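Remarks on the structure that follows.
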Amino acid sequence: DAGITQSPRHKVTETGTPVTLRCHQTENHRYMYWYRQDPGHGLRLIHYSYGVKDTDKGEVSDGYSVSRSKTEDFLLTLESATSSQTSVYFCAITPDLVSPLHFGNGTRLTVT
Amino acid sequence: GNSVTQMEGPVTLSEEAFLTINCTYTATGYPSLFWYVQYPGEGLQLLLKATKADDKGSNKGFEATYRKETTSFHLEKGSVQVSDSAVYFCALPNNNDMRFGAGTRLTVKP
């Protein structure tokens with residue numbers, strides 16, 4: 001198992017509150033990703049990182065920000081949560097762009 | 001960019017039935033192709049991959065062949081088991097990330 005941990009595993013929050021999800025890896029992989037999974041949409045990329053302090057937007061980045069201040073941690077922040085951000089969020093890591101991704105077990109976020 | 005189109009399902013089969021899940025791709029060049037599987041309550045995990053045309057990836061009785069003529073990477077298994085019930089995703093690299101199909105939910109009944 002690739003060493004990747006997401007926290008929290010479950011969270012319920014109210015509309016308008018800030019939320020931060022954490023992804024922690026022990027593999028020293030360069031690339032880290034945040035995806036959201038919704039019925040009928042598969043996985044959609046929110047943001048990704050290709051190194052410390054190097055991040056870029058994915059296809060559904062509006063309303064989300066990320067930070068990567070050290071190799072092992074990649075944080076996803078919802079500045080002001082909305083009900084449309086209710087989803088399951090997955091972090092994934094890979095050492096390079098030809099290797100498969102290793103996924104965390106996900107964070108189920110509910111915004112009420 | 002690169003993309004995949006995947007048969008969405010859901011698919012319900014009896015144990016020992018034959019499984020095919022279709023996946024076609026659009027890509028620049030010949031990237032590696034992947035199938036991932038997601039069991040309930042878990043993240044995705046790699047099922048198999050193929051790195052070049054005509055390669056066959058295989059794992060746990062599942063197979064998929066990289067066919068550039070038909071731009072396809074269909075997933076097959078000759079005899080499914082109840083434990084194969086999961087969601088299956090076709091995927092390929094696109095620039096700096098991985099693009100996934102919408103997923104196909106497979107339910108196998110005893």
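Chain naming here is simple, since letters A, B, ... match the order of the sequence lines and numbering starts at 1 in each. Values reported hereafter were calculated over all heavy atoms of this structure, with side chains retained and with hydrogens, waters and symmetry mates removed. The model shown is predicted, which means the values in this text are computed figures rather than measured ones.
Ranked by heavy-atom pairs under 4.5 Å with chain A, the first of B:L44, B:L46, B:V87 is B:L44. Comparing A:G42, A:P100, A:G106 by how many heavy-atom pairs each has under 4.5 Å with chain B, the most go to A:P100.
Under the 4.5 Å side-chain heavy-atom criterion for ILVMFWY residues, a single connected hydrophobic cluster contains both B:V80 and B:L48. B:F89 and B:V37 end up in different hydrophobic clusters when Ile, Leu, Val, Met, Phe, Trp and Tyr side chains are linked at under 4.5 Å.
Residue contact with chain B, scored on non-hydrogen atoms closer than 4.5 Å, involves the backbone and the side chain of A:L101 alike.
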Atom pairs, donor to acceptor, chain A/chain B, distance under 3.5 Å:
unit_1 : atom_1 : unit_2 : atom_2 : d
A:Y33  : OH     : B:N96  : O      : 2.6
A:Y35  : OH     : B:M98  : N      : 3.4
A:Y35  : OH     : B:M98  : O      : 3.0
A:Q37  : OE1    : B:Q38  : NE2    : 3.1
A:Q37  : NE2    : B:Q38  : OE1    : 2.9
A:Y48  : OH     : B:N96  : ND2    : 3.1
A:L101 : N      : B:Y36  : OH     : 2.8

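Residues satisfying the salt bridge (charged side-chain N to carboxylate O under 4.0 Å, His left out) criterion with A:K70, sequence neighbours excluded, are A:D73.
Looking only at atom types and distance, the side chain of A:S84 has a donor-acceptor partner in the side chain of A:T82 under 3.5 Å away.
Here CE of B:M7 is found 11.5 Å from SG of B:C23. Values are rounded to the nearest 0.5 Å. The structure places CG of B:L13 at 10.5 Å from CZ of B:F18, a figure rounded to the nearest 0.5 Å.
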With side-chain contact (heavy atoms from CB on, under 4.5 Å) as the test, would you mind laying out the steps for A:C91 and A:I4 before giving the verdict?
CA-CA 8 Å; A:C91 178; A:I4 177 170; 3.8 Å; yes
